[in-house]
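Beneath this line is the structure, given in C-alpha cells, with notes to follow.
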Amino acid sequence: MPHKFKNKNLWWERKDLRYRDSRLIAAGQDLQALVESSGTPIFVYNAGRMLDKLTHLSDALQRKNIKFKIFYALKANRFLPLITNLRLSGRCGVDVCSPTELLLARQVGFLEADITYTGTSVADDDIDLLKRHPRVRVNCDAISTIRRLGAQCPGRSIGIRINPQQGAGYHDGLHYSGEKATKFGIY
C-alpha cells in the first residue's frame with residue numbers, strides 16, 4: 001500500500017523500517033519486490049534489529065552492574081537462521097520447553113550451560129533426555145517432575161517454578177497464576 005504522507009514520518013518508521021518512494025523497506029529490502037519474487041505468505045526477519053535490541057538490553061543491565069544472563073524463548077520463533085544468528089552473537093542463551101527444542105538448540109551450537117529447560121507436564125522420556133544433558137538448567141513446575149528428575153539425576157540443581165496464588169494478566173481470561181489451578185507452577 002503506498003505511503004500517502006509524503007513529508008511526514010509515521011510513528012513506527014525508523015532507519016531499518018520505513019517507506020522510500022512509496023515502497024515499504026525493511027532491513028534494506030523492498031518488501032513488495034520480495035513478495036513479487038517469492039509469493040505469499042512470506043515471513044521477513046531482521047536479524048540485525050534483533051541483535052541491536054539484545055545488545056541494547058545487555059548494555060543497559062551492564063551499566064547498572066546487574067549480574068544477568070539473557071535467555072531467548074525458543075518457542076517464540078524457531079526459524080533456524082534466526083536462532084543460529086543468536087547463537088553466533090554469543091550474547092544470549094535459549095530457554096526451551098520440549099525435547100525437540102532442546103535438541104534443536106544443541107544442533108545450532110548452544111552449549112548445555114546456555115540452555116534452560118522449562119517444560120510443563122514433563123514425561124519420563126523428557127527426563128531421560130535431560131539426564132543425557134547434565135549441564136542444561138532445568139526449571140520444574142510439578143512435584144512429580146522434581147521426584148522423577150531427582151531419582152534419575154541425584155544432586156542436580158534445579159529451578160522451581162511456583163504459583164504464588166496471585167494472578168495478573170491483560171484481561172480476565174488471561175491469567176497464568178492465581179486462585180484457580182493452572183498448569184504452571186507449584187502451589
Side-chain angles (χ1 to χ4, degrees), residues 26-27 38 41-58 60-61 66-164 167-170 173-178 180-187:
S38 301
I42 187 170
F43 297 91
V44 179
Y45 301 98
N46 183 344
R49 173 91 170 151
M50 286 189 69
L51 293 178
D52 287 346
K53 291 311 220 176
L54 182 57
T55 299
H56 182 76
L57 177 59
S58 261
L61 293 168
I66 296 172
K67 184 179 176 183
F68 69 93
K69 173 92 177 158
I70 297 171
F71 290 87
Y72 171 76
L74 196 57
K75 67 182 170 185
N77 190 330
R78 296 182 191 109
F79 186 53
L80 277 176
L82 183 75
I83 58 174
T84 300
N85 198 36
L86 287 173
R87 166 60 194 106
L88 292 173
S89 79
R91 299 203 68 128
C92 69
V94 287
D95 180 69
V96 302
C97 63
S98 71
T100 300
E101 288 185 356
L102 172 57
L103 295 174
L104 181 62
R106 294 291 288 138
Q107 288 169 357
V108 299
F110 282 98
L111 301 174
E112 288 184 2
D114 292 330
I115 301 171
T116 60
Y117 187 97
T118 306
T120 250
S121 304
V122 176
D124 289 338
D125 289 346
D126 302 0
I127 290 175
D128 291 340
L129 178 68
L130 291 168
K131 184 177 181 178
R132 295 192 305 270
H133 297 276
R135 297 200 62 221
V136 169
R137 304 166 193 216
V138 180
N139 296 313
C140 298
D141 70 352
I143 299 295
S144 69
T145 303
I146 295 170
R147 284 187 189 126
R148 290 179 292 126
L149 189 64
Q152 289 291 318
C153 309
R156 185 175 191 156
S157 295
I158 61 168
I160 298 176
R161 188 176 188 185
I162 63 166
N163 183 331
Y170 297 108
L174 180 63
H175 284 244
Y176 292 113
S177 64
K180 292 181 181 178
T182 69
K183 67 179 184 176
F184 302 110
I186 299 169
Y187 287 82

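Residue indices begin at 1 and follow the sequence shown.
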[atom2] on [Y] to [atom1] on [X], rounded to 0.5 Å:
| X | Y | atom1 | atom2 | result |
| --- | --- | --- | --- | --- |
| I83 | L74 | CD1 | CG | 5.0 Å |
| R87 | Q107 | CZ | CD | 14.0 Å |
| L57 | I70 | CG | CD1 | 4.0 Å |
| R91 | L54 | CZ | CG | 6.0 Å |
| T145 | I158 | OG1 | CD1 | 9.0 Å |
| L111 | R135 | CG | CZ | 7.5 Å |

Measure across [X] and [Y] and return the closest heavy-atom pair with its distance rounded to 0.1 Å.
| X | Y | value |
| --- | --- | --- |
| N139 | T118 | ND2-OG1, 2.8 Å |
| F71 | D114 | CE2-O, 3.6 Å |
| D126 | Y117 | OD2-OH, 3.4 Å |
| V138 | L130 | CG2-CD2, 3.9 Å |

Any donor-acceptor pair under 3.5 Å from [X] side chain to [Y] backbone:
| X | Y | result |
| --- | --- | --- |
| E101 | C97 | yes |
| R148 | V122 | yes |
| R137 | A113 | yes |
| S89 | L86 | yes |

- request: Check step by step if side chain to side chain contact (heavy atoms under 4.5 Å, CB included) holds for R156 and V136.
  value: CA-CA 10 Å; R156 185 175 191 156; V136 169; 3.9 Å; yes
task: Carefully, step by step, assess D95 and K75 under the rule salt bridge (charged side-chain N to carboxylate O under 4.0 Å, His left out).
output: CA-CA 8 Å; D95 180 69; K75 67 182 170 185; over 6 Å; no
field: 4.5 Å side-chain heavy-atom contact, Y72 and L82
entry: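 Yes - at least one pair of side-chain heavy atoms lies under 4.5 Å apart.
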field: Note, D125 side chain near P99 side chain (heavy atom, < 4.5 Å)
entry: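 A side-chain contact under 4.5 Å is absent here.
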field: Steps toward side chain to side chain contact (heavy atoms under 4.5 Å, CB included) verdict (D52, N46)
entry: CA-CA 10 Å; D52 287 346; N46 183 344; over 6 Å; no
message: Evaluate H133 against L102 for side chain to side chain contact (heavy atoms under 4.5 Å, CB included), listing each step before the verdict.
response: CA-CA 9 Å; H133 297 276; L102 172 57; 4.0 Å; yes
- request: Report the C-alpha separation of L80 and L104 in whole Å, then their side-chain angles, then the decisive distance to 0.1 Å, and conclude whether the side chain to side chain contact (heavy atoms under 4.5 Å, CB included) test is met.
  value: CA-CA 9 Å; L80 277 176; L104 181 62; 3.3 Å; yes
